[in-house]
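Here the structure is a predicted model, which is why all the values come from computation and not from measurement. First the proteins, then the strands, lettered A, B, ... as listed; each starts at 1.
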Protein chains: 4
Amino acid sequence: MSLRERKAAKKKEDILRSASSVISRQGFHKTTMEDIAAELLMTKGSLYYYFKNKEELLFHCHDLILTGAMELIEDIYQENISSVEKMKKAIKAHLDIAIQEKEIFNLIVKPEQIFSEDHIEDIVNKRDVYAGLFDKIIAQGAERGEFHLRQQKMARMIILGATNWIQVWYSDKGEFSKDEIEEIYADYLLKMLL
Amino acid sequence: MSLRERKAAKKKEDILRSASSVISRQGFHKTTMEDIAAELLMTKGSLYYYFKNKEELLFHCHDLILTGAMELIEDIYQENISSVEKMKKAIKAHLDIAIQEKEIFNLIVKPEQIFSEDHIEDIVNKRDVYAGLFDKIIAQGAERGEFHLRQQKMARMIILGATNWIQVWYSDKGEFSKDEIEEIYADYLLKMLL
Amino acid sequence: MSLRERKAAKKKEDILRSASSVISRQGFHKTTMEDIAAELLMTKGSLYYYFKNKEELLFHCHDLILTGAMELIEDIYQENISSVEKMKKAIKAHLDIAIQEKEIFNLIVKPEQIFSEDHIEDIVNKRDVYAGLFDKIIAQGAERGEFHLRQQKMARMIILGATNWIQVWYSDKGEFSKDEIEEIYADYLLKMLL
Amino acid sequence: MSLRERKAAKKKEDILRSASSVISRQGFHKTTMEDIAAELLMTKGSLYYYFKNKEELLFHCHDLILTGAMELIEDIYQENISSVEKMKKAIKAHLDIAIQEKEIFNLIVKPEQIFSEDHIEDIVNKRDVYAGLFDKIIAQGAERGEFHLRQQKMARMIILGATNWIQVWYSDKGEFSKDEIEEIYADYLLKMLL
DNA sequence: CATGAATGAGCTTTCATTCAT
DNA sequence: TATGAATGAAAGCTCATTCAT
């Protein structure tokens, strides 16, 4: 990749980060291209130099964050530790991202209300792959005799549902610190699997 | 209440039910006043006779559903049964509503992105009251020695989070029936409390 | 048709006439919805109450004029006169319309550059039907022994081409009156057919 | 002219030819500077090194083609052949260009809709000079007793109109070859002059 | 010379809202 | 009460044009 290209790639990522942040604050529909541009001290016209429309921009936001998350969880899965430990770590990592990326992560929820058919399949697939990582951890734990449960997929849905929801109410001014919350969540959810 | 007033009240509720249904399908931002009116075989102008604007309409949708849900859970709380049973019933009832009212229930999530300041406080309060009902069930269960847990609020958040999330993926064509799903969810989540 | 409906239909036609006139002056691409609205003392938003987009509006402009023209020529064809007379009348009628509706008539030319696929077929068909009326006159004249020519379609194309072109240069301030021009055109073109 | 200048001149002509071709396909308004640049494997910024804006570029396209056409017809006029032959040749030559340059030639039609006042006069003048060449052929033919007609200008307009129109419908997949069409056109139009 | 990047004016379109009838 | 009609503000998007490098 040439210098030029790397510069452009960096700019694209800057835009995505910035857009993610604004969208997380205001929601996708209430965020205008102008809002996003303003945050970057650009004009909205310039955004279209990098992304061909609003949906495309969002799609890449989504992709960036989900890809990052997948790498994290995949790494945890590869670690040489007990399944209980893996799941604890995975839950904490997931909570971390959900808190940070609020709205973007929330997009995973209802792609049909935002994305056109072109992207939905891609998005749903990626979301499934991500969820699959948690399935793998659970399955491995069950095999190893660490977890005892019948409906593994259901358990995974409960775990991801509960953790995704945290963005709804989390505030860094709450009674518990982020780390404490993550600890408590992990403990509770692990109880379900044992 | 005069006949006329009662007629108007009924019409209002018709509108709210209809609007809820459309919004649940399409999402709030993608639903236009025209869509809502069309569903009722009215014209959008008429809606403004009953509700002074779109937000007001949505606010009352929200209220209608949340009030109904509160009554259900309150009744369950008053029943003369074990806390375990109460919680099971409450979880199932909550799942029922979440599945049925999808989008509207989803509003409970991020009111700031939709409602203006006039309503937010009201909405947040009601949501807290509703959540409080679950807290009461948990507290009672702990008192009675049925539940064993320290962070009661956290547990409640996990429960509501996990159950709210169901709207994201639930489909009546899935592997499990609604009743089965509710049973499984209730079982898993109860494991957390014992 | 109710009074309401007739009123609306009339308004639609008003808009079409007005739009035709503006477009004929400025060309389709240089004419904004605002221009059209201004001519009617409306706001551009209102136009969308009657026509769902700019293309649709243009399509109906086109239709209105072409339908009118077809009726004129069809009537001439039905008259009980010699083919020479029919063709003369048809040429004059066509010139009349071409002069009056300049730009709209010009649309008949390159629909692909303006219309999306949805409309092109319809437009091309109508245009063919219209041209077919001239073919019928020519064929009848040939049968009756009034015209002597081999490539009838080619002759028709020359006639319509020559007459369509008039909008390019016609001005009511020129050396000849519109009637004189029509007379001369008809005479010249008839020479071709005899 | 220095080497550098000649290089630049050549590049300019390359651009004009390329632009003509794209515009002929898509029409002026639907052709963006990017389209033109892409065809030349350039970036749109570079175009502005050679032409100060889109209108200027179009103006020179127009000029290039019309100048070429004028030379052709002028040469025909100078030939030592009968006026009938001259006119036949001129018609065929004109048809050739009209078919090839479609859209650009079409520009001759409505300069006001595309060009600003700066260019209109120039364009109209050149167009008149071009048309004048046909007038000269006709006048000479009348003088020589080959043609018999009163309104010479009108005849010329009919001839140019009919031939210009060919771009509207010509396709190289039609029933007749280009040569045949030209022959037929020339024959028909000549009948008008005799 | 060429280009990548940025700009901003202008366009079409949508839609909540208003209001006379 | 209900509605057809109109409005206007705001959004997404396009593209000719500019300019530093």
At 4.0 Å (heavy atoms only), tell me whether C:S46 reaches a base, stays on the sugar-phosphate, or touches nothing.
base
Nearest to the D:Y48 side chain among F:dA16, E:dT13, E:dT7, which nucleotide is it?
F:dA16
Within the structure, does a side-chain N or O atom of C:K52 lie under 4.0 Å from either OP1 or OP2 of E:dT12?
no
So what does C:K7 hit on the nucleic acid, given a heavy-atom distance under 4.0 Å: a base, only sugar-phosphate, or nothing?
nothing
In this structure, how many angstroms lie between the P atom of F:dG8 and the OH atom of C:Y49, rounded?
17 Å
Does the side chain of D:F51 come within less than 4.5 Å of D:L58's, by heavy atoms?
no
Residue B:T43, side-chain atoms from C-beta onward, closest of F:dT3, E:dA2, F:dA5:
F:dT3
Counting side-chain heavy atoms from C-beta on, which of E:dT17, F:dA5, E:dT3 comes nearest to B:K54?
E:dT17
Grab the CE-P distance between C:M33 and E:dT12 for me, whole Å please.
7 Å
Cationic N near anionic O, under 4.0 Å, B:K126 to B:E121
no
d(CG, C:L40; P, F:dA6) in whole Å
10 Å
For the residue pair D:K11 and D:Y49, would you count it as a cation-pi contact if the rule is NZ or CZ under 6.0 angstrom from the ring centre and within 45 degrees of the ring axis?
no
Taking atom C1' of E:dA5 as reference, at what distance in whole Å does atom CG of A:L41 sit?
16 Å
Take D:G45 and C:K11, find for each the nucleotide of DNA chain F with the closest heavy atom, and name the residue whose nucleotide sits nearer the 5' end.
C:K11
Could you check whether any side-chain heavy atom of B:E55 comes within less than 4.5 Å of a side-chain heavy atom of B:I114, counting everything from C-beta outward?
no
When you match A:N53 and B:E5 each to their closest nucleotide on DNA chain F, which lands nearer the 5' end?
B:E5
Measure from CE on C:M42 to P on F:dT7 and round the result to the nearest Å.
7 Å
Over how many whole Å does the gap from A:I114 atom CD1 to F:dG12 atom P extend?
12 Å
Proximal nucleotide (of F:dT17, E:dG4, E:dT12) relative to the C:T32 side chain:
E:dT12
Answer with base, sugar-phosphate or nothing: what part of the nucleic acid does B:Y50 contact at a heavy-atom distance below 4.0 Å?
sugar-phosphate
Do the side-chain N or O atoms of C:K30 get closer than 4.0 angstrom to the phosphate oxygens (OP1, OP2) of E:dC11?
no
Does B:E39 pair with B:R17 as a salt bridge, N-O distance under 4.0 Å?
no
Whole-Å gap separating P (F:dT14) and CZ (A:F51):
15 Å
Starting at the 5' end of DNA chain E, which residue's closest nucleotide do you reach first, B:K44 or A:K44?
A:K44
For C:I36 and E:dT12, give me the distance from atom CD1 to atom C1', rounded to whole Å.
11 Å
Checking N1-N3 plus N6-O4 or O6-N4 for Watson-Crick, or N1-O2 and O6-N3 for wobble, each under 3.5 Å, the partner of E:dT14 is F:dA9
